[in-house]
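Any value given below was found using the heavy atoms of this structure, including those in side chains, with hydrogens, waters and symmetry copies removed. Here is how names work: the chains are called A, B, and so on, in the same order as the sequence lines, proteins then strands, and each is numbered from 1.
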There are 2 protein chains.
Amino acid sequence: MSRGVADIDDRAGFSQKRANAAAVLDYAWDRGAFTASDAIEATGLTRSTVIALADDLVERGWFCELPNARAAGEYRKGRPARRYELRSSAGVVVGVDAGQHCVTAAVADLRGRELARAYTEIDEDSAEQRLTVADTVIAKALGDIGLQERSILCVTVGVPAPTDLHGVSPEGEQGFWSRMNPGFAAHLRERGERSGWLIEVENDANLAALAEGALGAGVGASSYITLMTGERLGAGYVVDGHLVRGKRGAAGELRLLSLVEGVGSTQGIAALLRTWALEARASGTVDASSPILKTPEAKLGAEVVFRTAESGDPAALALLDRMAERLARICAVLGGLLDVERIVFSGAVADSLGLLLPRTAARLDELTHSPAPDLAASTLHGGVVSTGAVVRALQIVRANAIALEPLDPIREQTIPF
Amino acid sequence: MSRGVADIDDRAGFSQKRANAAAVLDYAWDRGAFTASDAIEATGLTRSTVIALADDLVERGWFCELPNARAAGEYRKGRPARRYELRSSAGVVVGVDAGQHCVTAAVADLRGRELARAYTEIDEDSAEQRLTVADTVIAKALGDIGLQERSILCVTVGVPAPTDLHGVSPEGEQGFWSRMNPGFAAHLRERGERSGWLIEVENDANLAALAEGALGAGVGASSYITLMTGERLGAGYVVDGHLVRGKRGAAGELRLLSLVEGVGSTQGIAALLRTWALEARASGTVDASSPILKTPEAKLGAEVVFRTAESGDPAALALLDRMAERLARICAVLGGLLDVERIVFSGAVADSLGLLLPRTAARLDELTHSPAPDLAASTLHGGVVSTGAVVRALQIVRANAIALEPLDPIREQTIPF
DNA sequence: CTGATTAAATCTAGGTGTTAAATCAACTCC
DNA sequence: GGAGTTGATTTAACACCTAGATTTAATCAG
């Protein structure tokens with residue numbers, strides 16, 4: 001569980017106050033304003049205790065006390081209750097998508113509202129560069145809203161590589177993985193320890209899965225898979241509410257799907273549709289009027305195929321059917337082996353799946369006996385990984401909140417955006 | 001987590017004493033005799049507190065106090081320490097394997113020592129019968145060692161069907177699953193509530209996986225798969241230390257493996273080797289001296305093939321190679337998709353895999369790029385499921401211990417076996 | 001405007017459980 | 001038998017929670 005997070009309290013015995021404070025804080029986390037009575041009911045503690053704890057948390061900067069009870073229209077007779085709320089500006093989290101070609105950093109408050117976002121493209125793949133680029137992108141995002149590093153409570157970095165419990169990636173083929181993750185964990189941990197924030201380095205598909213589960217098409221499902229499907233396929237599994245990582249964090253690497261009949265490679269939808277479209281054009285079977293023939297070769301990609309199919313073009317539809325067959329097989333195997341209720345398609349092509357998804361679902365239904373998993377397209381457009389990183393960072397902060405010291409509660413009302 | 005277990009305490013606020021007592025009890029669980037000083041170090045609590053808690057637990061029947069410190073040879077100077085130990089006879093757990101043809105019940109003490117075992121075969125498949133047979137088999141096992149129902153702390157039942165969080169199985173094809181699990185959960189829960197024990201109904205392969213992880217070939221691995229491979233294939237996944245169950249508990253149902261090239265059906269090793277041996281014999285390509293030709297048809301099964309192969313028979317070895325290829329593909333897909341470090345072969349044929357496993361491993365190595373999972377044969381012979389049920393029951397008792405009342409500490413020394 | 005009503009805050013006394021420090025007990029070793 | 005060592009026991013103080021009485025801040029009815 002701790003995963004690279006500094007273990008702050010290793011006492012096994014419990015401090016009652018600490019535990020109760022954690023309960024109140026946790027209750028407040030996903031709730032808006034609340035009164036002492038609300039917390040009393042939720043925690044089973046006495047009024048005196050709850051109020052003492054809440055005042056404590058106000059003093060420590062986690063809560064702010066709201067003006068008065070009746071303001072919110074929800075008036076009830078009797079003495080107005082004091083109202084508290086999690087101080088969403090008690091600190092920020094940073095979610096970084098350290099992708100192959102581009103590094104993005106998103107800064108969010110404790111409610112998950114995105115306050116800033118910055119990115120830089122990377123040309124050269126030197127290890128050094130990836131680390132320093134991440135540093136500067138984070139600094140840039142923070143700078144845009146006038147915050148300093150000490151506002152950070154947690155930084156989570158997503159990398160296109162499996163990561164173990166310490167955020168370290170294995171070598172991988174031709175060292176790709178260790179090039180993508182050249183020691184983010186160690187680098188950030190060192191800085192985090194100085195500045196007092198927690199860190200985590202996690203596989204990008206896993207973070208995407210968390211994003212979908214928290215905000216996207218995975219909401220409400222306790223078992224689902226997120227398929228990242230741009231140029232290459234990758235998956236993040238959430239089963240029984242837990243992220244499934246595997247020994248080296250490589251669960252969700254789909255290379256072995258090549259053993260499934262009719263699947264072959266692990267190329268993504270975008271890559272494959274492009275290849276197929278070029279093949280079709282070369283085969284001479286495509287109608288002369290079809291955009292698949294008319295589009296210039298350099299521009300012929302998945303987007304074109306999707307758009308062309310929507311206008312009823314038979315050649316494009318044939319390609320979609322072929323893709324549906326392939327995706328259905330992938331979903332059947334993954335969904336069948338893991339018994340998930342939903343499979344979310346995420347990544348660049350997610351917005352264009354209108355025609356493809358129903359076809360895939362129909363085919364999937366034929367392949368499976370028991371109820372097949374639902375298929376859904378991500379609603380999170382780009383930035384899934386950085387969003388997932390923010391989601392994960394918030395989870396980490398929430399789990400460790402009582403052990404953390406938030407910003408001094410001076411600049412109370414300043415929510416930059 | 002609770003999974004059919006009666007939720008005894010739903011207060012959110014914490015009782016400090018209760019939590020500390022739980023810590024001490026949990027510390028004692030997988031430890032032999034220990035002194036107060038040991039527990040002090042482990043829990044971080046004060047001597048006074050630990051001793052008070054320990055005495056409390058002695059009074060409640062969870063601990064017994066052992067004679068004196070120096071007895072155990074581990075003498076150190078100074079005043080001899082009081083020594084405590086988990087009272088393994090504080091109660092028993094019952095693990096039931098409610099298989100298709102046979103119901104087995106194992107009774108074990110809190111240390112996991114098996115005290116009794118009973119079984120009955122089932123001829124007819126009436127739902128009623130399965131429930132009552134389970135009752136009588138449990139009663140028989142208990143009776144053999146002169147215990148009464150109120151000694152039971154938890155009953156776990158393994159069924160050859162997926163189970164959801166409440167222990168309920170879906171319909172399944174031709175109602176097989178609901179015939180195998182005709183409401184064990186509801187039936188036992190009712191009885192358990194009267195007699196004060198916890199219950200759980202779980203898929204048999206999942207229980208086998210837990211058994212392997214606790215006592216068998218899965219020990220030491222945090223991510224492994226147990227393949228149950230008798231007549232039909234089934235798997236239990238443990239990834240990152242968690243059992244992976246899936247929405248309906250059907251993770252590990254391998255029907256969809258039929259989509260993998262070279263795997264085809266989900267028949268088990270025993271079933272398939274029998275079929276293949278008969279095919280080979282019919283094909284006329286088998287040497288006349290081979291036992292595969294000479295064994296009477298009714299006796300020609302997996303056992304014969306394994307034994308024959310060991311004497312170097314080419315026909316039998318060819319069958320093993322064919323099987324190795326198939327198993328390697330299964331392992332490659334499962335191991336690759338889930339990133340496990342080990343795959344354990346469990347079930348009836350586990351003892352005969354001496355020749356098959358190395359061949360499978362070699363082929364598996366070719367199929368995977370990254371380090372392939374280790375392959376291991378179960379060392380638990382028959383009874384894996386009931387053993388797993390006991391393991392699971394003990395987990396449940398451990399997790400809920402402070403909320404349970406053990407037997408009155410009267411018959412202290414009576415450990416029947 | 002006054003007093004009744006209501007709901008919540010605040011105050012107070014008491015109890016439970018933990019700690020820290022001092023003291024006592026049971027050993028061994030010389 | 002006395003010094004030395006380790007751990008149990010005792011004691012007082014403290015931390016935190018609870019329950020109940022009291023007070024406060026509001027509405028509402030007349």
Handout entry: Phosphate OP1/OP2 of dA9(C): any Arg47(A) side-chain N/O under 4.0 Å
Key = yes
Practice task
May I have the distance from Arg83(B) (atom CZ) to dA26(C) (atom P), rounded to whole angstrom?
Solution key: 18 Å
Exercise for the section: Please check if the side chain of Asp55(B) supplies one atom and the backbone of Ala52(B) the other of a donor-acceptor pair under 3.5 Å. Expected result: no
Completion exercise
note: Lys17(B), atom NZ; dG17(C), atom P; distance rounded to Å ~ 5 Å
Handout entry: Interatomic distance, Gln16(A) CD vs dC14(D) P [rounded to whole Å]
Key = 19 Å
Practice task
Starting from the 5' end of DNA chain D, give me the residue, Asp55(B) or Thr49(A), whose nearest nucleotide shows up first.
Solution key: Asp55(B)
Practice task
Specify the separation, in whole Å, of atom CD1 of Ile51(A) and atom P of dC16(D).
Solution key: 17 Å
Exercise for the section: Side-chain contact test, heavy atoms from C-beta onward, threshold under 4.5 Å: evaluate it for Phe63(B) versus Leu25(B) and give yes or no. Expected result: yes
Practice task
Measure the distance from CZ on Arg82(B) to P on dA25(C) and round it to the nearest whole Å.
Solution key: 15 Å
Problem - Shortest side-chain distance from Lys77(B), nucleotide among dA8(C), dG7(D), dT6(D) - result: dT6(D)
Handout entry: Atom-to-atom span, CD of Glu41(B) to C1' of dT6(D) - whole angstrom
Key = 15 Å
Practice task
Taking only the side-chain nitrogens and oxygens of Asn20(A), find out if one of them lies under 4.0 Å from OP1 or OP2 of dC16(D).
Solution key: no
Problem - Ionic contact status for Glu202(B) with Arg392(B), cut-off 4.0 Å - result: no
Exercise for the section: Can you label the angle between the Trp62(B) ring and the Trp29(B) ring as parallel, tilted or perpendicular, going by 30° and 60°? Expected result: tilted
Exercise for the section: Send over the distance from Arg18(B) CZ to dT18(C) P, rounded to a whole Å. Expected result: 14 Å
Problem - Arg79(B), nearest nucleotide to its side chain (from dA8(C), dC17(D), dT6(D)) - result: dT6(D)
Exercise for the section: Quick one: label Ser48(A) by what it contacts on the DNA or RNA (base, sugar-phosphate, nothing), any heavy atom closer than 4.0 Å. Expected result: base
Practice task
State whether Glu193(B) and Arg189(B) are salt-bridged, where the test is any N-O pair (Lys NZ or Arg NE/NH1/NH2 against Asp/Glu carboxylate O) under 4.0 Å.
Solution key: no
Practice task
Using whole Å, report how far CG of Leu45(B) lies from C1' of dG7(D).
Solution key: 17 Å
